[in-house]
Amino acid sequence: MITTPLQLFDTRARSLSPVTISDGDLLRIYSCGPTVYRDAHVGNLRTFLLADLIIRTLEYAGYKSILIQNITDVGHMSEDLHEDKLLAESALTKIDPFEIAREFEGRFHKDLALIGVRPAQRYPRASESITMMQDLIQELIASEHAYVGEDSSVYFDARSFASYGEISGNRLDSLQPGHRYEYTDDGAKRFHADWALWKSAGNRTEMVWDSPWGLGFPGWHIECSAMSLHYLDGVVDLHLGGIDLRFPHHENERAQSNSAAGREVVAQWVHGEHLLFEGRKMSKSAGNVLLVSEIIAKGLDPLSLRLAFLENRYRSQIDLTWDGLKAADSTIKRWRSKLADWGPSTSTAASEKIISECIAHLMNDLGSADVAIVLRKVERDETLSMGERAHIFREMEQIFALDLDRKMAAIELTDEQQHLLAERAEARSAKNYARSDELRDQLMALGVTVKDSASGQEFELLS
Ligand code: AMP
Ligand code: ZN
């Protein structure tokens, strides 16, 4: 086992502890992935960035990692509809549920790339891991941690797992009947806090599979146990997810995995705080969901989102605003143009000292916000040479990944041209295509050609 210099807040231990690599070679990370019935909103993306930040930080210090992230394309019941989220969307749109899932899965990968998140080693899909889940459920039945109910669903026996509640603090004796553990009907549970590992199909005809207990579909929590045990060989050094997953998702996952393995499977549970947007938690039901595509449509660099996230510790809530995103966008542009002016990097004792200081901040519970403060100081520090400043920025770029060496377009626009371009980006985002076409013509008359691409509007000056 290797103890790395990175300290993270372990939700179960409720304290900072060093990240350890159990096999002395590869850090094994599991991060809960998206439910692909809709686009990932930027709050989801903040949580998905956590693994990238950890991996890049440790990679900088010479450690290697493997990351597994599941794709939930079946079995995640919605809170309000008590229905599978994918089937609910399919009923609404009349599109095949698997078609919906593949479409949004593709968009999830594109969004991650747009904010500089490198891909995981594997993205197992729940719908393709049915046998793996059924095998695990069989094991849990055989070891009497699970039972088949009269309704042919299989339930986990919560009382068979003595340390239930260690992650969230929700111990079984304090969980009253009626508490919302899960978005399912009670079915044939023996105890109110038991949960379904396998649900019998009932009237459901789509997304159902044969099983030793009859036709049905898996519960949500079992997929993360099955996949993490399978793809990480039964040992998870770090398990990541958003703070809302502490309970019941991670509590139930821990009970399932530990009961099957007969030991503590996950060394550290780490949770990212939520993202608020203009003051409220971002969620579909609150109606304040923001997508990467909307940021691009406003003419902002999607990496401004990455910088806005990095300017806060993963454990603090962020209240994202359009002003904040615009500020991050102009910071990135300024850094790109400064880096181009500063030219080649020069490593000196002074620059190395500042880099070590930045790395120390990151090792201390991912203090990316502190690094951002250092970078802002370095930017203006005339006692450092341009080469030294360039060196510090380029080293931190390996973790911040803001594409700072991107060549800036050497295009000088007049105020009027800039104003019209911004107005057109707004019109496009408001889907006011008539206005956006009008603005395109006005820009053309001023010698600017505009073209729309997947990453937003692009322009060229006619010579
Ligand atoms: P879902 O696709 O809903 O299963 O969520 C995927 C991930 O995003 C989970 O780890 C959630 O905890 C996380 N998440 C959901 N809402 C937010 C939010 N507003 N801010 C940050 N993370 C979130
Ligand atoms: Zn999960």
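Just so it is clear, the structure is predicted and the values come from calculations on it, not from any experiment. Order of appearance sets the numbers: ligands from 1, and atoms from 1 within every ligand.
Note: no N/O pair closer than 3.5 Å links Cys32 and ligand 1 by distance alone. For Gly241, no nitrogen or oxygen atom sits less than 3.5 Å from a nitrogen or oxygen atom of ligand 1, counting backbone and side chain alike. For ligand 1, one of its N or O atoms has an N or O atom of Met282 under 3.5 Å away. Residue Thr35 places at least one N or O, backbone or side chain, under 3.5 Å from an N or O of ligand 1.
The backbone N or O of Ile167 sits nowhere less than 3.5 Å from a side-chain atom of Arg246 that would complete a donor-acceptor pair. Remark: the backbone N or O of Arg428 is not paired with any side-chain donor or acceptor of Lys431 at under 3.5 angstrom.
The closest side-chain donor-acceptor pair between Asp151 and Ser200, if any, does not fall under 3.5 angstrom. A donor-acceptor pair shorter than 3.5 Å can be found between the side chains of Thr72 and Glu223.
Heavy atoms of Lys85 found under 4.0 angstrom from ligand 1: none, in either backbone or side chain. The residue Arg46 has no part lying near ligand 1, judged by heavy-atom distances below 4.0 Å.
Of all protein heavy atoms, the one closest to atom 20 (N) of ligand 1 is Leu275 N, 2.8 Å. Atom 21 (C) of ligand 1 has its closest protein heavy atom at Gly43 O, 2.9 Å. Looking only at protein heavy atoms, the nearest one to atom 14 (N) of ligand 1 is Asn44 ND2, 3.5 Å. Of all protein heavy atoms, the one lying nearest to atom 9 (C) of ligand 1 is Leu245 CD1, 3.7 Å. At the shortest separation from atom 18 (C) of ligand 1 among protein heavy atoms lies His274 CD2, 3.0 Å. Summary of contacts: the protein heavy atom closest to atom 10 (O) of ligand 1 is Gly242 N, 3.0 Å.
In this structure, Phe48 counts as a contact residue of ligand 1, since one of its heavy atoms falls inside 4.0 Å of the ligand. Heavy atoms of His41 come nearer than 4.0 angstrom to ligand 1 in at least one pair.
The distance from atom CG of Asp10 to atom NE2 of His271, rounded to the nearest 0.5 Å, is 9.5 Å.
Screening Glu251, His239, Glu166 for a side-chain hydrogen bond (donor to acceptor under 3.5 Å, both in side chains) involving Arg12 leaves a single residue, Glu166. Among Tyr37, Phe217, Trp220, the single residue meeting the ring-ring contact (aromatic ring centres under 6.0 Å, His included) criterion with His76 is Trp220.
The heavy atom nearest to atom 3 (O) of ligand 1, out of those in Arg38, Lys281, His250, Arg246, is found in Arg38. Scanning Thr47, Asp244, Asp39, Val36 for the heavy atom closest to atom 11 (C) of ligand 1 points to Asp244.
The pair Asp403-Arg306 fails the salt-bridge criterion, with no side-chain N (NZ, NE, NH1 or NH2) lying under 4.0 Å from an Asp/Glu carboxylate O. Salt-bridge check for Asp301 with Arg406: passed, with a basic side-chain N closer than 4.0 Å to an acidic carboxylate O.
Under the 30°/60° scheme for interplanar angles, the aromatic rings of Phe48 and Phe108 are found to stand perpendicular. Ring planes of Tyr164 and Trp195: tilted class, angle from 30 to 60°.
At a threshold of 2.8 Å, the Zn ion (ligand 2) has a backbone or side-chain N, O or S atom of Cys32 nearer than that distance. At a threshold of 2.8 Å, the Zn ion (ligand 2) has a backbone or side-chain N, O or S atom of His249 nearer than that distance.
Residue-environment remark: CZ (Arg122) stays at or below the threshold of 12 foreign heavy atoms within 6.0 Å.
The distance from ligand 1 to the heavy atoms of Pro34 drops below 4.0 Å at these ligand atoms: 2 (O).
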